[in-house]
Protein chains: 2
Amino acid sequence: MAASPEIGAGAGPAGTRSRREQILTVAAQLFARHGFHGVSIADLGAAVGVSGPALYRHFPGKEALLAEMLIGISEHLLAGGQERAAAADDPREVLAALIDFQVDFALREPELIVVQDRDLANLPPAPRRRVRLLQRTYVEIWVDTLRRINPELTPESARIAAHGAFGLLNSTPHSGTRGSRAEVAALLHRMAWAALTGLAPRAG
Amino acid sequence: MAASPEIGAGAGPAGTRSRREQILTVAAQLFARHGFHGVSIADLGAAVGVSGPALYRHFPGKEALLAEMLIGISEHLLAGGQERAAAADDPREVLAALIDFQVDFALREPELIVVQDRDLANLPPAPRRRVRLLQRTYVEIWVDTLRRINPELTPESARIAAHGAFGLLNSTPHSGTRGSRAEVAALLHRMAWAALTGLAPRAG
DNA sequence: GCGAGGCGTTAATGAGCGCTAACGTGTTAA
DNA sequence: TTAACACGTTAGCGCTCATTAACGCCTCGC
C-alpha cells in the first residue's frame, strides 16, 4: 500500500501530488499482476475511482506513466546504492549495507521489482535508455565493491555475480513473503552474503 | 537456438513435428523479448515464414500456444528434478545435481526462463493451475533435499531459500551470458551452493 | 485418376484499446 | 462578479488484434 515517499514524487502543484501518487501506486500493483499490456487505461481509472480518460489530466499517456514509474525506481535504487557506498570505507561493510538496502526494497515493494524487469521492454526508446543507464550505474557500485573485496575477481565475473545476487534478493515476489518480514530479510541477507563472499578462492 | 528435443514435442502426426516446434521456439524468443501481448499472431507467422492465420493449423489459439510452451517447460524441469533426486542417496549429492541441472537449463534456454515467470499470468485458469502445480512439485524436491541436508530448517525457510536459489540461477537472462558457458555455469553453481549450504548454523 | 486431408493463402468480422473532443463543475484570485 | 483553471465526465475516432470464412494447392492411398 504505502510506497516510499521518494518514489514517484515528481514536479507539479501541491494539490496534484496525492492523485498522481495514488495512480502510480495502483498502476504498479496492476502492472505487476497483469503486465503493462494486460491493463487498460479504463482498468487503471476504475482502480482509483475515476473513469478512463481522467488519467490524461495527470499523465500525458500510458507509456509516460510507466516511464515515470521505472525511472523513479531506478533513481531510488541508484541513490540508495551511492549513499551506502559512500558511508563506509571497508568494502565488506559496504557490501553488507548494499545487501540490506536491496533486500529491504525487495520486501517492501515487490510489485515494483516485478514491473521493473518485466515491462522495461514496453518503454519507448528514450526512457528505456535512461533506465538502463541508471541500472548499469547501480550494478557498477556492486561490481566495484565486490572487486575491492576480492581483487582477483574479473569485471565479467563480478557483474554476473551481482546479477545473481539481485536475482536471489529479488525472489521475494515468488516466495509470497509469508514469514515474518525480519526473518525473511535475515535469511536472504545471509544467502546473498554467502553467495558473494564464497567467490573468493577457498582457503582450505 | 536448439531447444531440448523433449520440450514441446507433443502428440501429433510425424509430419507436423517440425513446424510446431519451429513455431514454439520462435514464439519463445519473441515472447521473451516483447511479452505475450506485445507479439501478434502476424508477427509470429512472419517469424517462421508463413503469414498470420496459418498458425491456426497447428494451435487452436494464441493462449493454447503459450499453454503448451509453459507446460512443456514445467514438465521438463520436474522430470529432470525427479530424475536427479532419485539418482543419489546423499542429499548433498542430490543438491549438487539439482543445481547443475537448473543452471544448465538457465544457460541453455534463457528465453524460456523469461517467458515462464513473466507470462504465466496470461494463461487461462486451467493451464495456469497445471503449471503452478508442476512448479510447486518441483520446488518441493528442492525443499526436501535442503531439509534432508539441514533438518533444523523449517519448510517455510527452505521454500524461501529455494526460490532465492532459482532467482540466482535464473539471472542468466539479465547478465547477458558473455563469458564462456562453462565458467559462468561454475560461478553460478558455486554461488548457489554457498547460498544454500551457508544456511546451516555456522560451526565457528 | 481421384478424393481426402494437411497446409497455406487473402478477406472480413468483431472486439478492445489508447487517445482526443467537447463539455460540466467547483474552487480560486483579481 | 467573473475569468481561469484543476479535474472530472461521456462520445466517438482510428487502429490493432485474434479469430473465422472461403478458397487453393500438393501429396498421398486407393
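Every chain is numbered from 1 and lettered A, B, ... according to where its sequence line falls, protein lines coming before strand lines.
- No engagement by A:G52 is indicated, since no non-hydrogen atom pair under 4.0 Å with the nucleic acid exists.
- One can place CG of B:L55 at 10 Å from P of D:dT19, the figure rounded to the nearest angstrom.
- Applying the side-chain hydrogen bond (donor to acceptor under 3.5 Å, both in side chains) criterion to A:R159, with sequence neighbours excluded, gives A:E140.
- Residues passing the side-chain hydrogen bond (donor to acceptor under 3.5 Å, both in side chains) test with B:D144, sequence neighbours excluded: none.
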Side-chain donor-acceptor contacts of residues 78-95 of chain A below 3.5 Å, not counting sequence neighbours, with atom names and distances?
unit_1: A:R84; atom_1: NH1; unit_2: A:G80; atom_2: O; d: 3.4
unit_1: A:D90; atom_1: OD1; unit_2: A:R92; atom_2: N; d: 3.0

Polar atoms only, N or O, under 3.5 Å: list the protein pairs with nucleotides 20-23 of chain C and their distances.
unit_1: C:dA22; atom_1: N6; unit_2: A:R57; atom_2: NH2; d: 3.4

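- Scanning residues 31-47 of chain B for heavy-atom distances under 4.0 Å to DNA chain D yields B:V39, B:S40, B:I41.
- Counting to the nearest Å, the P atom of D:dC17 and the CD atom of B:E63 are 16 Å from each other.
- If you take CD1 of A:I23 and C1' of D:dC7, they are 11 Å apart, rounded to a whole angstrom.
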Distance-only donor-acceptor hits, side chain of residues 40-50 of chain A, under 3.5 Å, sequence neighbours excluded:
unit_1: A:S40; atom_1: OG; unit_2: A:A42; atom_2: N; d: 3.4
unit_1: A:S40; atom_1: OG; unit_2: A:D43; atom_2: N; d: 3.0
unit_1: A:S40; atom_1: OG; unit_2: A:D43; atom_2: OD1; d: 3.4
unit_1: A:S40; atom_1: OG; unit_2: A:D43; atom_2: OD2; d: 3.1
unit_1: A:D43; atom_1: OD2; unit_2: A:S40; atom_2: N; d: 3.1

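- Across the protein-nucleic acid pair, A:N122 atom CG and C:dG18 atom C1' stand 14 Å apart, rounded to whole Å.
- Atom pair A:R19:CZ and D:dA6:C1' shows a separation of 12 Å (rounding to whole Å applied).
- Sorted by first and then second residue, the pairs that involve residues 125-135 of chain B and meet side-chain hydrogen bond (donor to acceptor under 3.5 Å, both in side chains), not counting sequence neighbours, are B:E75-B:R130.
- Set against D:dT9, C:dG18, D:dA18, the side chain of A:K62 has C:dG18 as its closest nucleotide.
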Contacts table for residues 164-172 of chain A: side-chain donor-acceptor under 3.5 angstrom, sequence neighbours left out:
unit_1: A:N170; atom_1: OD1; unit_2: A:Q102; atom_2: NE2; d: 2.9
unit_1: A:N170; atom_1: ND2; unit_2: A:F166; atom_2: O; d: 3.4
unit_1: A:S171; atom_1: OG; unit_2: A:L168; atom_2: O; d: 2.8
unit_1: A:T172; atom_1: OG1; unit_2: A:A106; atom_2: O; d: 2.9

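- Using a 4.0 Å cut-off between charged nitrogen and carboxylate oxygen, B:E152 and B:R147 do not count as a salt-bridge pair.
- Scored by the side-chain hydrogen bond (donor to acceptor under 3.5 Å, both in side chains) test, A:H174 finds no partners at all (sequence neighbours excluded).
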